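Computed over heavy atoms, backbone and side chain alike; hydrogens, waters and symmetry mates excluded. Since the model is a prediction, treat every value here as computed from it, not as a measurement. Chain letters run A, B, ... following the sequence lines, proteins first and then strands; every chain starts at 1.
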Number of protein chains: 2
Amino acid sequence: MQAKEAAQRLGITQRMLRHYEKAGLMKVRRSENGYRIYSEADLRRAERIYDFIVTGFSTREIRTMAACLSDEGAGPCEGGIEKLSQKLVHIDRLRSDLDSRREAIVDRLATLRAALSNHLEESEPYHAALDISASEVPPRGRRPNPAGVNSNAARR
Amino acid sequence: MQAKEAAQRLGITQRMLRHYEKAGLMKVRRSENGYRIYSEADLRRAERIYDFIVTGFSTREIRTMAACLSDEGAGPCEGGIEKLSQKLVHIDRLRSDLDSRREAIVDRLATLRAALSNHLEESEPYHAALDISASEVPPRGRRPNPAGVNSNAARR
DNA sequence: CAGAACACCAACACATATGTCAGGGTTCAA
DNA sequence: TTGAACCCTGACATATGTGTTGGTGTTCTG
């Protein structure tokens, strides 16, 4: 299919698809006239790229885990045990990154949901979000990870 | 506590803390001399802000769900919940993708290892292959110009 | 007091993701 | 043939997150 349809099916813009290509994250076949021809596999790949980006990864980072983008995980890894192992390392690191991000979000969600249902019963007037009354409220929700050991910042 | 300590405890820079403040995501008390004084609550809030950002939200979006930042998640946080849920869709999609891929690779690895050790009695010499060589990805933001070459003059 | 160690702020530099527009082809139907 | 509807590339524009720098006030300590 060509650009417009591909973009529509993914719910993103053609511009973004072109961007991924230019960033070296995917290669798209062209027809004689130079038009891009997207395959289903291309769509799948593009969607993964998009998911990565929307989740906070940059194309630069994504490029380092290119093998995670193709449909067959074992494919690009035929180079041998060493390469496979390396891929494994990358994928595991990615996974743990995603895990922490997901965990944080899930926690946050749970806390918010609880607070919300609580709020419905209490019906207390809400005070501005920026009102931090400086009171040292005991840890309440989202507390694992006491000292910003943030898998993403200081891990260098 | 003041800026330096706060930043260290969160594992981020003072610059980022200032940025969150300027973006209207938090306000920090000041002492007479104008120095910022961070409370524990401030730290918690800043950490959440950081988590959101690292997960792909912009300060603009985060401002929209300011209620999700305070310790008491009561207020009108519905929008936040929805956005977080949306984010979860992407993350979970990636996770499941990665899971299957990882499985395939592990299998393949096992197979190759078996075949290998079957072929030669000594299955020791390549352990180094499993080392994490860490292909580091440079952080965002300004980078020192490698050679004082102004590669793009008229752009501002 | 001098100097180190911090703090503050503004402004500029960069990378990245996207939007948008310009100048130009290609296809196809009326 | 003409026009609509697509496609392409490239360049410029904007929003964001951070790093970096420079100028300057404040605090603490020898």
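In this structure, the side chain of A:Asp42 engages the main chain of A:Ser39 through a donor-acceptor pair within 3.5 Å. Panel note: side chain A:Glu5, backbone A:Gln2; no donor-acceptor pair is recorded below 3.5 Å. Side chain of A:Arg63 to main chain of A:Ala23: a donor-acceptor pair is present (N/O by atom type, distance under 3.5 Å, no hydrogens or angles).
Closest to the side chain of A:Ser58, out of C:dC8, D:dT16, C:dT16, is C:dT16. Closest approach to the B:Gln14 side chain among C:dC8, D:dT18, D:dG17 is made by C:dC8 (side chain taken as heavy atoms from C-beta onward). Minimum atom distance to the side chain of B:Thr13 is reached by D:dG19, of the listed C:dT18, D:dG19, D:dG10.
A heavy-atom distance below 4.0 Å to DNA chain C is reached by these residues of residues 30-39 of chain A, ordered by number: A:Asn33, A:Tyr35.
As rounded to whole Å, 13 Å separates atom C1' of D:dC7 from atom CD of A:Glu21. Following rounding to the nearest Å, A:His19 (NE2) and C:dT18 (P) show an atom-to-atom distance of 6 Å. Between A:Ile53 atom CD1 and C:dT16 atom P the separation is 11 Å, expressed in whole Å. Rounded to whole angstrom, the span from the OH atom of A:Tyr20 across to the P atom of C:dT16 amounts to 15 Å. Atoms CD (B:Gln2) and C1' (D:dG25) sit 14 Å apart, rounded to a whole Å. Atom-to-atom, CG of B:Leu25 to C1' of D:dG17 comes out at 12 Å; the value is rounded to the nearest Å. With rounding to whole Å, B:Ile12 atom CD1 is found 14 Å from D:dG19 atom C1'. Going from atom NZ of B:Lys4 over to atom P of C:dC8 covers 13 Å, rounded to whole Å.
Under the 4.5 Å side-chain heavy-atom criterion for ILVMFWY residues, no single connected hydrophobic cluster contains both A:Tyr35 and A:Val28.
Taking 4.0 Å as the cut-off between side-chain N and carboxylate O, B:Arg45 and B:Glu40 do not count as a salt-bridged pair.
Taken from CD1 in A:Ile62 to OH in A:Tyr20, the straight-line distance is 7.5 Å, to the nearest 0.5 Å.
A 4.5 Å side-chain heavy-atom check between A:Leu10 and A:Leu17 finds at least one atom pair inside the cut-off.
In this structure, the side-chain contact (heavy atoms from CB on, under 4.5 Å) partners of B:Arg18, at least two apart in sequence or on a different chain, are B:Gln14, B:Arg15, B:Arg36.
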For nucleotides 20-24 of chain C, tabulate all protein N/O to nucleotide N/O atom pairs closer than 3.5 Å, reporting atom names and distance.
unit_1	atom_1	unit_2	atom_2	d
C:dT20	O4	A:Arg15	NE	3.1

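For C:dA10, one of the phosphate oxygens OP1 or OP2 lies less than 4.0 angstrom from a side-chain nitrogen or oxygen of B:Lys22.
Aromatic rings from B:His90 and A:Tyr50 are positioned such that their centres are separated by under 6.0 Å.
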